[in-house]
Amino acid sequence: ANFVIGTVDQLLMAALQQKHVMLRHLGLAGKVVVIDECHAYDAYMNCYLDRALNWLGEYRVPVILLSATLPAKRRTELVTAYLNRKTLPDAPWKTCRSYPLLTWTDGKQVQQTGIPLHTPPRRVTMESLTEEQLPEMLQNALREGGCAGVIVNTVRKKAQDLAARLREELPEFEVLVFHAQFLMPDRAEKEQRLMERIGKRSTPAQRDRLIVVGTQVMEQSLDLDLDVLVTELCPMDLLLQRIGRLHRHCRRRPKPLQQACCAVLDTGEEAFDAGSEAVYGQWLLWRTRKYLPRSIRLPEDIAPLVQQVYGWEQEAPETEQGEKLRSEYEQVQEKKKDRAGKYLVPQPEVDEDFQELNTL
């Protein structure tokens with residue numbers, strides 16, 4: 001096929017030891033590969049993505065990687081993998097905080113440019129919230145109409161229970177639930193319904209007094225437009241992705257909701273929510289909580305906030321608690337990489353006489 005649209009796991013399997021894996025390589029050679037949301041994978045998946053990039057770079061296959069919230073360290077790793085190198089010399093492109101930013105390879109050279117914006121920035125006010133305060137906050141925010149989104153990190157422990165609680169305490173509002181554990185036909189139907197109710201072309205009547213409780217499936221790709229957002233604490237890059245659903249399009253909004261506001265749902269104490277901790281670990285949640293500002297200017301603050309949370313290598317040693325959390329996080333990442341490495345195809349060997357698949 002000249003054009004193929006698929007999920008990222010189909011590309012990652014080009015790096016997996018399996019029968020007839022070369023057929024996948026043949027299918028990729030001669031294409032232009034576009035990978036969306038490349039920040040969203042864990043250490044295990046990233047090992048397979050990096051190895052796939054090793055081979056795509058060796059085949060001279062152009063690869064376009066897209067992300068709105070990519071940490072600088074991960075950007076360097078992706079470029080290094082595509083060039084099939086172990087390391088690259090220090091250069092300004094590795095730490096640049098311009099936004100939007102375009103980085104590309106030209107042969108063995110890496111080049112970069114910032115892209116000027118001609119639209120005014122948006123300011124989002126941030127506030128902290130506990131689960132006990134949530135019903136009153138939503139009732140007050142939607143007193144003159146509008147819609148709200150509540151994005152949490154787990155289905156059973158949070159989304160379902162929270163939706164049931166809101167239905168009980170706020171009977172005057174309609175509460176919908178959207179997560180990834182629905183059967184695919186049901187999920188597709190619910191997604192279509194959401195797009196009609198709070199998408200770009202939704203009307204005030206469709207949006208009025210609606211609360212959507214969802215999980216990470218609301219985080220990216222869906223063109224949802226929320227009047228107010230509540231999000232459970234999560235790593236900074238994902239938090240910014242969720243904020244991207246807030247005041248996404250120009251429209252007239254109820255007076256209390258004309259200023260974009262994001263409430264971060266936290267425990268109100270030093271400990272983290274058990275479900276969130278199980279999904280993301282303590283270290284990134286701790287770093288995000290540490291650097292969470294009172295307001296965010298979009299898009300100027302996106303790169304600085306992401307690099308603050310993920311750029312701990314350039315910082316002075318943390319507190320004793322911080323060092324402990326960092327050590328635990330890095331050990332978990334290494335274990336994931338070790339597990340992934342057992343089933344990776346070998347790296348391509350650099351051979352000047354090698355005839356690339358896309359030239360055959």
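Basis for what follows: all heavy atoms, side chains included, without hydrogens, waters or symmetry-related copies. It should be emphasised that the depicted structure is a prediction, and the values quoted were computed from it without experimental measurement.
Between the E328 side chain and the L325 main chain, no donor and acceptor come within less than 3.5 Å of each other. Here the side chain of K335 pairs no donor or acceptor atom with the backbone of Q331 at under 3.5 angstrom. At least one donor-acceptor pair under 3.5 Å links the side chain of Q18 to the backbone N or O of M13. Between the T105 side chain and the G107 main chain, no donor and acceptor come within less than 3.5 Å of each other. With hydrogens and angles disregarded, no donor-acceptor distance shorter than 3.5 Å links the side chain of R97 to the backbone of L305. Side-chain N or O atoms of W55 include none that pairs as donor or acceptor with a backbone N or O of V345 at under 3.5 Å. E169 contributes no side-chain N or O that, together with a main-chain N or O of P135, makes up a donor-acceptor pair within less than 3.5 Å. The backbone N or O of R156 sits nowhere less than 3.5 Å from a side-chain atom of T154 that would complete a donor-acceptor pair. Proximity of a side-chain donor or acceptor of N54 to a complementary backbone N or O of A81 within less than 3.5 Å is detected. Judged purely by atom type and a 3.5 angstrom limit, K31 uses its side chain to pair as donor or acceptor with the backbone of A1.
The shortest non-hydrogen separation linking G145 to L257 is O-CD1, 3.6 Å. Taking each heavy atom of C234 and T231 in turn, the nearest pair found is SG-OG1, 4.4 Å. Considering every non-hydrogen atom in both A340 and C47, the closest pair reads CB-CB, 3.7 Å. The two residues V309 and R287 make their nearest non-hydrogen contact at O-NE, 3.0 Å. What you find for G199 and R251 is that their closest heavy atoms are O-NH2, 3.1 Å.
Taking the side chain as every heavy atom from C-beta outward, Q259 and T125 approach each other to under 4.5 Å. Counting heavy atoms from C-beta outward, E300 and Y99 have side chains that stay 4.5 Å or more apart. You'll find the side chain of P235 reaches within 4.5 Å of the side chain of L285, heavy atoms only. Contact annotation: the side chain of L229 never approaches that of H247 to less than 4.5 Å [non-hydrogen atoms, C-beta and beyond]. A 4.5 Å side-chain heavy-atom check between L49 and I35 finds at least one atom pair inside the cut-off. Taking 4.5 Å as the limit, every side-chain heavy atom of C261 sits out of range of all side-chain heavy atoms of V124. The shortest distance between side-chain heavy atoms of I151 and E232 does not fall below 4.5 Å. Between V21 and L16, every side-chain heavy-atom pair lies at or beyond the 4.5 Å cut-off.
Criterion: ILVMFWY side-chain heavy atoms under 4.5 Å apart, direct or through other members. Under it, V175 and V228 are part of a common hydrophobic cluster. Side-chain heavy atoms closer than 4.5 Å link hydrophobic residues (I, L, V, M, F, W, Y) into clusters, and following such links, even through other members, never connects V79 to L102. Cluster annotation: V230 is connected to F173 through the hydrophobic network of ILVMFWY side chains, with a link wherever side-chain heavy atoms come within less than 4.5 Å. Residues V264 and M236 fall within the same hydrophobic cluster, defined by Ile, Leu, Val, Met, Phe, Trp and Tyr side chains chained together at heavy-atom separations under 4.5 Å. Residues L238 and V332 fall into different hydrophobic clusters, defined by Ile, Leu, Val, Met, Phe, Trp and Tyr side chains chained together at heavy-atom separations under 4.5 Å.
For the pairing with D223, the salt bridge (charged side-chain N to carboxylate O under 4.0 Å, His left out) check across R248, K200, R245, R201 returns one residue only, R248.
No side-chain N or O of T215 forms a donor-acceptor pair with one of H179 less than 3.5 Å apart. Judged purely by distance below 3.5 Å, without hydrogens or angles, the side chains of Q139 and E172 pair a donor atom with an acceptor atom. Side chain to side chain, R252 and Q258 fail the donor-acceptor criterion of an N or O pair below 3.5 Å. A side-chain donor-acceptor contact under 3.5 Å links E270 and Q321. Under the 3.5 Å distance criterion, with hydrogens and angles disregarded, a donor-acceptor pair is assigned to the side chains of Q133 and T130. S202 and R207 share a side-chain donor-acceptor pair at under 3.5 Å. The closest side-chain donor-acceptor pair between Q241 and E219, if any, does not fall under 3.5 angstrom. With 3.5 Å as the limit, one finds a donor-acceptor pair spanning the side chains of W312 and E330. When only modelled atom types and interatomic distance are considered, D273 and T267 share no side-chain donor-acceptor pair under 3.5 Å.
Note on ring orientation: taking the six-membered ring where Trp is involved, the planes of Y329 and W283 are tilted (angle from 30° to 60°).
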R74 vs E77, salt bridge (Lys or Arg N to Asp or Glu O under 4.0 Å): CA-CA, chis, key distance, verdict: CA-CA 5 Å; R74 184 63 190 139; E77 291 171 349; 2.9 Å; yes
Residues D225, R197; criterion salt bridge (Lys or Arg N to Asp or Glu O under 4.0 Å); working and verdict: CA-CA 10 Å; D225 182 18; R197 296 291 303 276; over 6 Å; no
Check against salt bridge (Lys or Arg N to Asp or Glu O under 4.0 Å), R165 and D161: CA-CA 6 Å; R165 178 178 178 179; D161 293 345; over 6 Å; no
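Y48 and Y44 have their aromatic ring centers within a separation under 6.0 angstrom. The aromatic ring centres of W286 and Y280 sit 6.0 Å or more apart.
Expressed to the nearest 0.5 Å, how far CD1 of I296 lies from CD1 of I302 amounts to 8.5 Å. Note: R123 CZ to R297 CZ = 9.0 Å, rounded to the nearest 0.5 Å. A distance of 12.5 Å separates CZ in R51 from CG in L56, rounded to the nearest 0.5 Å. Rounding to the nearest 0.5 Å gives a distance of 8.5 Å between SG of C262 and CD of E127. Expressed to the nearest 0.5 Å, how far CG of N46 lies from NZ of K337 amounts to 8.5 Å.
Ion pair K94/D90 flagged as a salt bridge, since at least one NZ, NE, NH1 or NH2 atom sits closer than 4.0 Å to an Asp/Glu carboxylate oxygen.
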